[in-house]
Amino acid sequence: MCGRYSLGVTPEELAAAFELDEIPSFHAPRYNIAPTQDAPILIRGEDGLRAGPVRWGLVPHWAESPAAGSRHINARSETVAKRPAFRDAFRSRRCLVPADGFYEWQEGPSPKQPVWIHREDRRLLAFAGLWERWRWPDGGPLVTFTVLTTDAAPWIRFVHDRMPVILEGDDRLLWLDPEATPAELKSVLRPQSEPMVLQPVSTVVNRATNESAECVRPVGAPVTSPKPELRLDL
DNA sequence: CCAGACGTTGTT
DNA sequence: GTCTGG
DNA sequence: CCAGACGTTGTT
DNA sequence: GTCTGG
């Protein structure tokens with residue numbers, strides 16, 4: 001799943017990578033984006049992509065309080081079209097969530113080992129996301145987002161059994177297209193098959209308030225899937 | 001009809 | 001807001 | 001995701 | 001154990 005990620009670029013680099021109309025304003029670089037924090041998302045604007053910082057953890061419009069956001073940091077792509085908390089946003093408020101990596105805590109003996117997952121060439125990722133608007137009692141808006149998840153691809157499965165949906169190329173445009181059909185949308189919600197670097201990192205990242213580059217400091221060499229012939233315990 | 005839930009991950 | 005369960 | 005709280009009365 | 005906050 002995806003409960004922590006990074007966006008280690010400047011607003012200028014983000015704008016260039018996604019051909020944005022304007023340079024977005026957000027505090028950067030980010031090495032430890034955690035739920036309830038603000039992070040930039042990309043939505044389809046008048047003519048092109050626009051970015052705005054919104055809060056991670058989708059709060060349904062009917063929720064009593066923003067606390068509901070903590071339970072909606074992810075949406076399962078298998079059920080997102082039907083769930084009351086997500087279906088409206090799935091129909092009309094899809095977005096991309098830019099990142100340059102994400103964290104998974106490797107299942108197994110305690111303490112769990114955080115692993116930073118990023119592309120070899122550091123190209124930016126675009127998670128499939130949804131956004132929503134909630135109103136404070138005084139009428140002010142709170143805009144929030146969630147990240148869609150899917151089954152883990154084979155290359156990451158030994159670390160974790162879920163992963164964020166990562167969109168490439170035309171799939172990004174389709175995801176943002178208001179005219180896209182449910183069947184088309186469903187077709188892009190699949191595991192990223194291209195392997196990435198699985199880099200064990202410092203447990204500094206565990207604490208959400210630690211936001212320094214220490215979070216992506218390598219601890220040992222990147223990990224790889226155990227070879228089948230070595231899995232004698234199965 | 002009203003009341004209560006509405007979510008994911010992981011763990012068991 | 002909308003659906004499910006009682 | 002992990003970390004930290006989980007409670008009240010009364011006093012400062 | 002479970003919920004909330006970051």
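Per chain, numbering begins at 1; letters A, B, ... match sequence-line order. These figures come from a predicted structure and were not determined experimentally.
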*Determine the interatomic distance between P on D/dA5 and the same-named atom on B/dT8; round to the nearest Å.*
28 Å

*asked:* Would you say A/Thr209 places a side-chain N or O within less than 4.0 Å of OP1 or OP2 belonging to D/dC2?
replied: no

Could you pull out every donor-acceptor pair under 3.5 Å between side chains of residues 178-188 of chain A and any protein atom, sequence neighbours left out?
| from | atom 1 | to | atom 2 | distance (Å) |
| --- | --- | --- | --- | --- |
| A/Thr181 | OG1 | A/Glu184 | N | 3.1 |
| A/Thr181 | OG1 | A/Glu184 | OE1 | 3.4 |
| A/Glu184 | OE1 | A/Thr181 | N | 2.9 |
| A/Ser187 | OG | A/Glu184 | O | 2.6 |

*By side-chain hydrogen bond (donor to acceptor under 3.5 Å, both in side chains), which residues pair with A/Gln106, not counting sequence neighbours?*
none

*Indicate, with a heavy-atom threshold strictly under 4.0 Å, whether A/Tyr5 touches base, sugar-phosphate, or nothing.*
nothing

*Rounded distance in Å between the P positions of D/dT9 and E/dG1*: 29 Å

*List DNA chain D stems (3 or more consecutive Watson-Crick/G-U pairs, under 3.5 Å)?*
D:1-6 with E:1-6

_For A/Ser6, side-chain hydrogen bond (donor to acceptor under 3.5 Å, both in side chains) partners two or more places apart_ = A/Asp100, A/Trp116

Going by atom type alone, with no hydrogens or angles, which donor-acceptor pairs under 3.5 Å involve a side-chain atom of residues 60-72 of chain A and a protein atom two or more places apart or on another chain?
| from | atom 1 | to | atom 2 | distance (Å) |
| --- | --- | --- | --- | --- |
| A/Ser65 | OG | A/Ala67 | N | 3.1 |
| A/His72 | ND1 | A/Leu58 | O | 3.0 |
| A/His72 | ND1 | A/Ala68 | O | 3.1 |

_Closest approach to the side chain of A/Thr79, judged atom by atom: which nucleotide of D/dC1, B/dG7, B/dT8 is it?_
B/dT8

*For nucleotides B/dT11 and E/dT2, find the distance between their P atoms and express it as a whole number of Å.*
14 Å

*Give the minimum heavy-atom separation between A/Gly101 and A/Phe127, together with the two atoms involved.*
O-CZ, 4.5 Å

*Quick one: sort the A/Phe145 and A/Trp56 rings into parallel, tilted or perpendicular, breaks at 30° and 60°.*
parallel

*asked:* Using OP1 and OP2 only, check whether a side-chain N or O of A/Lys112 sits under 4.0 Å from D/dC1.
replied: no

_Pairing residues for A/Arg93 by the side-chain hydrogen bond (donor to acceptor under 3.5 Å, both in side chains) criterion, not counting sequence neighbours_ = A/Glu132

Distances for protein N/O vs nucleotides 3-5 of chain D N/O pairs under 3.5 angstrom?
| from | atom 1 | to | atom 2 | distance (Å) |
| --- | --- | --- | --- | --- |
| D/dG4 | OP1 | A/Arg207 | NH1 | 2.7 |

*Which residue pairs satisfy the side-chain hydrogen bond (donor to acceptor under 3.5 Å, both in side chains) criterion with at least one member in residues 198-209 of chain A, sequence neighbours excluded?*
A/Trp105-A/Asn206

_Among residues at least two apart in sequence or on other chains, which ones pass side-chain hydrogen bond (donor to acceptor under 3.5 Å, both in side chains) with A/Trp134?_
none

*Please state the P separation for the pair E/dC3 and B/dC6 - nearest whole angstrom.*
11 Å

*Who passes salt bridge (charged side-chain N to carboxylate O under 4.0 Å, His left out) against A/Arg76, sequence neighbours left out?*
A/Glu78

*Sugar-phosphate means primed atoms, P, OP1 and OP2; the rest is base. With that split, encode nucleotides 1-6 of chain C 5' to 3' as B, S or - using protein heavy atoms under 4.0 Å.*
BSS---

*Pick the C1' atom in B/dG4 and in D/dG10, then give their distance to the nearest Å.*
37 Å

_Taking salt bridge (charged side-chain N to carboxylate O under 4.0 Å, His left out) as the definition, give me every residue that meets it alongside A/Arg133, ordered by chain and number, with sequence neighbours left out._
none

